[in-house]
Every structure is written in structure tokens, then in C-alpha cells.
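The structure appears right after this line, and notes come after that.
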4 protein chains.
Amino acid sequence: MGAVKSKRMPRAVREQQMMDAAVRTFGQRGYRAASMDEIAELAGVSKPLVYLYLNSKEDLFSACIRREAQSLLEAVRAGVDPELPADAQLWAGLRAFFVHTAENPDAWSVLHRQARSHGEPFVSEVGCMRDEIVAFVTGLIGAAAREAHSDPALADRDVAGLAQALVGAAESLAGWANDTPDVSAREAAATLMNFAWAGLENLMHARPWTPPAA
Amino acid sequence: MGAVKSKRMPRAVREQQMMDAAVRTFGQRGYRAASMDEIAELAGVSKPLVYLYLNSKEDLFSACIRREAQSLLEAVRAGVDPELPADAQLWAGLRAFFVHTAENPDAWSVLHRQARSHGEPFVSEVGCMRDEIVAFVTGLIGAAAREAHSDPALADRDVAGLAQALVGAAESLAGWANDTPDVSAREAAATLMNFAWAGLENLMHARPWTPPAA
Amino acid sequence: MGAVKSKRMPRAVREQQMMDAAVRTFGQRGYRAASMDEIAELAGVSKPLVYLYLNSKEDLFSACIRREAQSLLEAVRAGVDPELPADAQLWAGLRAFFVHTAENPDAWSVLHRQARSHGEPFVSEVGCMRDEIVAFVTGLIGAAAREAHSDPALADRDVAGLAQALVGAAESLAGWANDTPDVSAREAAATLMNFAWAGLENLMHARPWTPPAA
Amino acid sequence: MGAVKSKRMPRAVREQQMMDAAVRTFGQRGYRAASMDEIAELAGVSKPLVYLYLNSKEDLFSACIRREAQSLLEAVRAGVDPELPADAQLWAGLRAFFVHTAENPDAWSVLHRQARSHGEPFVSEVGCMRDEIVAFVTGLIGAAAREAHSDPALADRDVAGLAQALVGAAESLAGWANDTPDVSAREAAATLMNFAWAGLENLMHARPWTPPAA
DNA sequence: AATGAATGAGGTTTCATTCAT
DNA sequence: AATGAATGAAACCTCATTCAT
């Protein structure tokens, strides 16, 4: 099943193999339901080696979260060209995001579903990554507003709200796209972009929707 | 702690007590980490009684999912007045949704986080509820389009995508509102409405954002 | 092997059976080498029941220490008649002590050997019992000195030193008597009494041995 | 931490380093709780080297027992001058004993506590040393009796009992002195000498304590 | 209607020990 | 002379589940 069982690998390589197996197992079974036995077997090593290198189930899970969070962040960053206009950057970033989550569904499950359902060491860990993404998006939205000479200038609070909603919707759509056949990354990105860009424009041109008198 | 320990309750009441305890425990600990011991203790009954009434941990979890899904659906339906215009209906539905998730955070955790991370019997169960909500929202969007004499008519596929994105964003915001202090249900609803309505209007007036040449 | 395997005993009885098995196992194998599996089997129950009733290996060991320390103390106290003269009381106490340690060699091993080699929760626990015994002996020696109208009065510090040496020697002899065939409790007691009483008399008559000029 | 990590030492030296580390670890943690990992690390070598030189944990422990037993015996022997009178020899031997055990508490813990709590290969090993010490003391007591023209001659059996009690008391006091702050080796030796010499004199002058009619 | 007593199965973790270089 | 890589076996502990009343 797992990787070809080749013996006596250098530590760094084995560690990556173990984390690959761990991400797959955690992503599919969840943190609690995943067993170290299964992870070790999938990695093609014995359980004690997993403990020798990665210390404990908790540490292993944390390591996975950090590795995959880094990987996702880098994928998004690598996908955008900072020379382009803001809407093109956002579009590129969303595509990169959905492509990455589609290509690494277990990693996405670890980051989005499992890490958030299992309490404190982990929630913070993904929280950091999410904050970085939100900051990135916030920057893009701000830049877009300036490019459009938005008048009156978009309030910071509105920008933040938009960014939160956008990232939230993206997270949710990623899960949906993964779980639903025949939804391509590009399609998910386009749907969201449509949604998001419209909201942006309306806000920038001071045409917000207002609640009826409560 | 749990309910006052009074003996000899009719079955229906006891069952509800057990499910209350179960929802709380599942919501906070997760499906795997929750133990039948803890649930029984919190419910103020012995473990065999839980098994007598609810059969197994899996059945108990399913029962919780169904009960809470129903409860959420009813809350949303009860919140909207079908006589109002579509945007007012949407606004009311969102508020009802966010109020309910804020008032029942454990139930929301069960539906949104725990049920979706634990494989097949459960994922389908929440899937049904979600489909009903999506259908409901789809209906609203369609109605809104007709009210606006949208021309050309909004494609069904676009409506579906929008509804998905809207529901996804709502789900995401519900978690965010629950986890973040000082975010009221009303605020979450307004943020999302702003976001959503703008996208809707743009689409209905045929001003979609189009991707640059791929 | 173990107790007859009779099912559905009341909790208190089962607990005693488990502790009997535990004392035997801990006494013979040592704290670390004893396995909960072995204890459970010897007690004729399954391992989970041991954990249900006694919580953890550490708690089980502590419980054994406390029970056996109590038992030994009571045996010694029951053995002496406070109406008798001090030397007779000492003699009776020693006999009771050696009889008890001979009849419960595993318990004595737990108290004297195992508990003292395994760090802090346990060392204090036996320390308490030992202190009670030392106090008891100190009282007897003081009484003996007064009965003999010791002149000059025996210094408190000397009494304490004697009591420590006496108890230490008794502890040591108990192990020796248990490990050596053909040494009766009575014989051990007589040897020690001989040894101790002589020291007492010399001290009481102010004939201490003095080191040569260092 | 452990020895400075210098490579390519001759085997004999490395072996001593390992045994130093082993004695320290066994003495503090106990036989079972000590891990070969810890010993190897403390010795500044890799685990396979420990196995290459010392074969197994059991062999390593045995080797420690033998080395430390020898060391203690030699210390005691070196402390006494056979030209002196018997009481001076006893006094010197006790001092040497207590000094050695105080200076090597881990070694003493190995010999007195750990070796005796872990079954057969080890118990015999320390038993040998103990027998040598008892024989040595027996000789001294006999000599003292002869010097004193003890009349009637002290029965061999009494001498043996006394020697056992003396050695037992010494062992016990050694532990007590190590565990109790502010008890010097000299003080422990004096306490015991006082105790012992009095008993000896009484016996030699045929003034034994006799139990009341049993 | 309800429970005290009990367990099979499986989880994480540690450890003495060996292999190949 | 020395070690990095690796493991079989067994330890402690937990949990869903049932039996007998």
C-alpha cells in the first residue's frame, strides 16, 4: 500500500514520509479516529520510529498542521503576480487556493476541519495561517479601493468585514468543491470572484444594502 | 451539574435529556472524544439506560444530528414571512440562522464541524439539511430575480452557484461569530447580506465580473 | 490460581481482592516490574475493572501502602498491653512486629523495599507509618528510663538515637528473617531485644562507649 | 552533562564510564525505571556501544553490583588496622563503611535497595558481599570475646546473631544517614557503636536479657 | 423504568535490543 | 572503535458495550 518499503533512509526523508502518511490519515479519519498504527503502516515504518522522530500524536498533528499551512500559504503567494492590478491578483490568488485545496484534499481537511475541532494547541496553529491569509486579502481589497479612487474611501472596518466574509466563503467553497464531483477549482474561484467583486464594487461606490428599520 | 436527578421519568422526556447531554458533549469534545460515560453522567442517568433508549453511540449521534438539523431548519423557516419581498425574506432568514447558531453553539458545532468530519453515516445526514437550506435560498434568489424583472433571466446554474456560496459563507460566518467575542448575530447577518445582495444585484443586472482571458 | 472466579461481587469485596493481588504482585516483582495485567489476573478480574475501582497503577500502589501500613501498625499496637512494664511492652511489640512481617512477607516487601525505592508519592506514605512506630518506641524507651530511675536522666537526643537504631535494626532483621530459612519471628525478636536492652541499660547507667580521640 | 564526549577511548576506560553512568542511573531510578537510553546518554556514548561492551541490561546491572560490592568491601578492609584491639577495629570499620556509603550514595542504593528488590541473579550477587562482611564482623566479635576472657565463652550462635543484627543495623542506618540531612558518617558510626558495644559487653559478661516466661 | 458489575478490543507510549555501516 | 536507523514486545490506560437484577 504505502510507499515502497525501502530501508535505512536518512532521517529527514523518513520524517517527510511519516508526515505524508499522517496528513492522509488525519485528513480522512480525523485526529482522534486516526491511529498511530495506521499512520506507521502507511508510512512503511514501525510505530516506535514514528515516536522517535515525531514524539507524540499531538506533536505529529501539530507538525502536519504547520507544514501544510506553510505549503498552502506559499502556493497562494506563488500564484499571484504583484505587478498586476488588484482584481487580477485576487483572481489569481483564489485560483491558486482552490487548485491547492483540490490537489491536497487531505491537507485541506486537516487544516480546515480537523485542526479546528480539536482544541487548543491546534486551533491557534491554524489561526495563525488564517490570519496571514486574511491580511493578504485585506491588502488586496484596500489596493483595489485605491485603484478605483473609491469615493468616499472605504472604511477599514468594512474592508475587514469583506475580507473575513471572502475568506470564509472560500474556505467553505473549498470543502464543497472537494466533496462535490464535477466542480473544478476554476469554477469555484469564478463563482466566488463574481460574488466578491460585486460586493466590493457596490461598497466602493457607496451603494451598500441597508437593513429595513429593525 | 446535569439535570436534577429525578427518577422514573417518562421515556420521551428522558430521551430528550440524554440528547441534550449528548449534543453538549459531542459539540464540545467531538464525536470520538466524547465518551458515553460523560454523556450518561451529564444526563443524570446510568449508561445502560442510554443504550436501552438510543441503541449505540452512532445512533445517538445520528439522532442528535437529525434533531438539531430539524430545529435549525424550523428556526429559519419560522423567521421568514413569505409575504415580504425577497430581500427582506433573505435578511430575516439570515438573522434567524445566526441567532439560532449563536444560541445553540454546541448544536451548531455538531452540525457543522463534528458531523462533517466523521464519515459516512453522518455526512449524508447533515447533507440533507443543507440541501434543504440551499433549496430554500435558491428559491429566494429566483424570486428576487423575477421581482427585479432581471433581463436576461439569471441562469439556473448561476443561481445555484450563488446559493452555494451564500450558504457556505453563512456557515463560515456562524463559526466565526461564535468563536469571536463581540460579534452579534445581527452584525454577522448584515455583513453577509451586504456582501450577498450586491453580488445578486450585479448578476441580475447582467454586470458579472469576467475573468481575464484564461 | 488466583481466587476462585466468582462473578458479581459487591464493590468493597472486589476491591479487597484486587489489593490482595496487588500486594502480592508488587511485593514479589517490585512496583515497576509488576504489571496491571498480572494483578488483574491474580485477582480474577479484568483489567478495566481494576482501573474502574482503583484508578491507576500509582493509586493502587498507594492504596496498598496505606492499607498495609495500617495493618502493621494495628498488629503492633494490638500486641502490647499498656499495663505491663516497659521492657515487656517492648518485647511484646517486637514479637508482634516480627510475627506480622513473617506472616505477610509481601506486605513487608511493599512497605520496606518497594515503597522506598520509587520516589515521592510513596516514600512519604511509608514515612508516616515509620514515624508513628518510632514515636511509639521512643515512648517506651522513655518510660523504661523513668521506671529505672535512670540517673542522670537520659537525654532526649539519646533516646531518639536509640529508637531510630532500634527501629532500623528491626526493619533490617525482618527482611533477613524473611529471606533466611529457619529464623523464627521469636528468635529475631529475642536477638534484637538482647541487643537493644543492653544498650539501653548501659546508657541509663551512664556507661556509654566513647570513641577514642579522633 | 555526562563525561566530556571524547572519541576513541580505550575499551577499559569506556567501560568504566558506562558503569559510572549506570550506577548513577540505577541508583536513582531503580533497575526497571532506568533506561539504557539514559545510561548511554549519560555515559556519552551510543547505545550499541553499551551493548557491545556490556551485553545486556541484566549483565550491566550485575557488573555494577560486583564492582560496587568490591569497592565497598575494600574500603572497609582498608579502614581497619588488624593490630588494634577489637573494639577499635570495629569502630574503624564502621566509620569506613558509613563514609563510603555516604560518599557513594548511588552505589549504596544499588547494593542495598535496587539489587535486593529484583530477584534472582542479583540477590545472590549482593548476598555474597554481605556474607563476607558478616564473616568479618563475626571474626571481630569473637576476637573481642577472647580479649575480654569472656566467661563462659560466647556461644557461636550468639555471635552469629549479634553479627547479623549489627550488620543489619548498619545497613539500615546507612540508608537513614543518606536520606537525612545533617547526619554525618561519624555520627551514624558512633550511634551504632554505642548500641552495639553495650550489647556485646553485656553478652560477654553473661548478662543477657531474658524473655519473660513465654 | 433503571442500574451496579463487568469486559473485549484497541489506543498511545516506552524499552531492550539488533542491523548495517 | 563507534553509530544512525530500525523494531518486536509489552506496558498503562480508555471506551463502547453487555449482563443480571
Side-chain angles (χ1 to χ4, degrees), chain A residues 5-11 13-15 32-40 44-60, chain B residues 5-11 13-14 32-40 44-53 55-60, chain C residues 5-11 13-15 32-40 44-60, chain D residues 5-11 13-14 32-40 44-53 55-60:
Chain A
K5 193 160 183 173
S6 55
K7 304 250 164 178
R8 307 260 149 195
M9 322 261 306
R11 172 167 180 157
V13 177
R14 270 279 192 261
E15 270 185 12
R32 290 287 307 235
S35 90
M36 295 298 268
D37 264 305
E38 190 177 355
I39 293 172
V45 296
S46 68
K47 232 183 332 173
L49 201 59
V50 180
Y51 278 90
L52 186 61
Y53 286 175
L54 286 138
N55 235 22
S56 70
K57 196 185 189 183
E58 196 172 317
D59 283 6
L60 174 53
Chain B
K5 193 160 182 172
S6 56
K7 304 246 166 177
R8 305 266 151 188
M9 319 262 305
R11 170 160 182 161
V13 178
R14 272 280 192 253
R32 289 290 304 231
S35 87
M36 294 299 269
D37 267 300
E38 190 177 352
I39 293 171
V45 297
S46 71
K47 244 186 318 177
L49 200 59
V50 180
Y51 279 88
L52 186 61
Y53 285 177
N55 231 21
S56 73
K57 195 186 189 185
E58 202 173 309
D59 285 3
L60 172 54
Chain C
K5 193 159 180 173
S6 55
K7 303 249 166 179
R8 305 259 152 196
M9 322 260 309
R11 172 167 180 158
V13 177
R14 270 281 191 259
E15 269 185 12
R32 290 288 305 236
S35 90
M36 294 299 269
D37 265 304
E38 191 178 353
I39 292 172
V45 295
S46 69
K47 230 184 334 171
L49 201 58
V50 180
Y51 279 91
L52 186 60
Y53 286 175
L54 286 137
N55 235 19
S56 72
K57 196 184 188 184
E58 196 173 315
D59 284 5
L60 173 54
Chain D
K5 193 160 182 172
S6 55
K7 305 245 167 178
R8 305 267 151 188
M9 320 261 308
R11 168 159 181 162
V13 178
R14 271 279 192 256
R32 290 287 305 230
S35 87
M36 295 298 270
D37 267 299
E38 189 178 355
I39 293 171
V45 296
S46 71
K47 244 185 318 176
L49 200 59
V50 179
Y51 278 87
L52 187 61
Y53 285 177
N55 231 22
S56 73
K57 196 186 190 186
E58 200 174 310
D59 284 4
L60 173 54

Gap between atoms CZ and P, on Arg8(C) and dC19(F) respectively (whole Å): 10 Å

Among dA11(F), dA6(F), dT12(E), the nucleotide that comes nearest once only the side chain of Met36(A) is considered: dT12(E)

Toward the 5' end of DNA chain F, by each residue's nearest nucleotide, Glu58(B) or Pro10(A): Pro10(A)

Whole-Å gap separating P (dC15(F)) and CD1 (Ile39(B)): 11 Å

Under-4.0 Å side-chain N/O to phosphate OP1/OP2 contact, Tyr53(A) with dA6(F): yes

Between P of dG11(E) and CZ of Arg32(A), the distance in whole Å: 11 Å

Nucleotide dA5(F), atom P - distance to CG of Leu52(A) in whole Å: 9 Å

Touch class at under 4.0 angstrom, heavy-atom based, for Ala34(D) against every strand present: sugar-phosphate

Touch class at under 4.0 angstrom, heavy-atom based, for Arg11(B) against every strand present: nothing

Residue closer to the 5' end of DNA chain E, Leu49(B) versus Lys57(D) (nearest nucleotide): Leu49(B)

Check: Lys57(C) side chain, Tyr51(C) main-chain N or O, donor-acceptor pair, under 3.5 Å: no

Residue closer to the 5' end of DNA chain F, Pro48(C) versus Lys47(A) (nearest nucleotide): Lys47(A)

Integer-rounded Å distance: dC13(F) P and Leu54(C) CG: 12 Å

Smallest separation among heavy atoms of Ala40(C) and Ser46(C), with atom names: CB-C, 4.0 Å

Protein-nucleotide distance (Asp37(C), atom CG; dC12(F), atom P), rounded to Å: 7 Å

For Arg11(B) against Tyr53(B), the heavy-atom pair lying closest together: NH2-O, 3.5 Å

Protein-nucleotide distance (Asp59(A), atom CG; dT12(E), atom C1'), rounded to Å: 13 Å

Side chain to side chain contact (heavy atoms under 4.5 Å, CB included) assessment of Leu60(B) paired with Met36(B): CA-CA 10 Å; Leu60(B) 172 54; Met36(B) 294 299 269; 4.1 Å; yes

Watson-Crick or G-U wobble mate for dT21(E), both contacts under 3.5 Å: dA2(F)

Base-pairing assignment for dA16(F) (Watson-Crick or G-U wobble, both under 3.5 Å): dT7(E)

Sugar-phosphate, base or nothing in reach of Ala33(D), heavy atoms under 4.0 Å: nothing

Shortest side-chain distance from Ser35(C), nucleotide among dC12(F), dT17(F), dA2(E): dC12(F)

Rounded interatomic separation in angstrom, taking CD from Glu38(C) and P from dA11(F): 9 Å

Backbone of Ile39(C) reached by a side-chain donor or acceptor of Lys47(C) within 3.5 Å: no

Partner nucleotide, any strand, of dA10(F) [Watson-Crick/G-U, under 3.5 Å]: dT13(E)

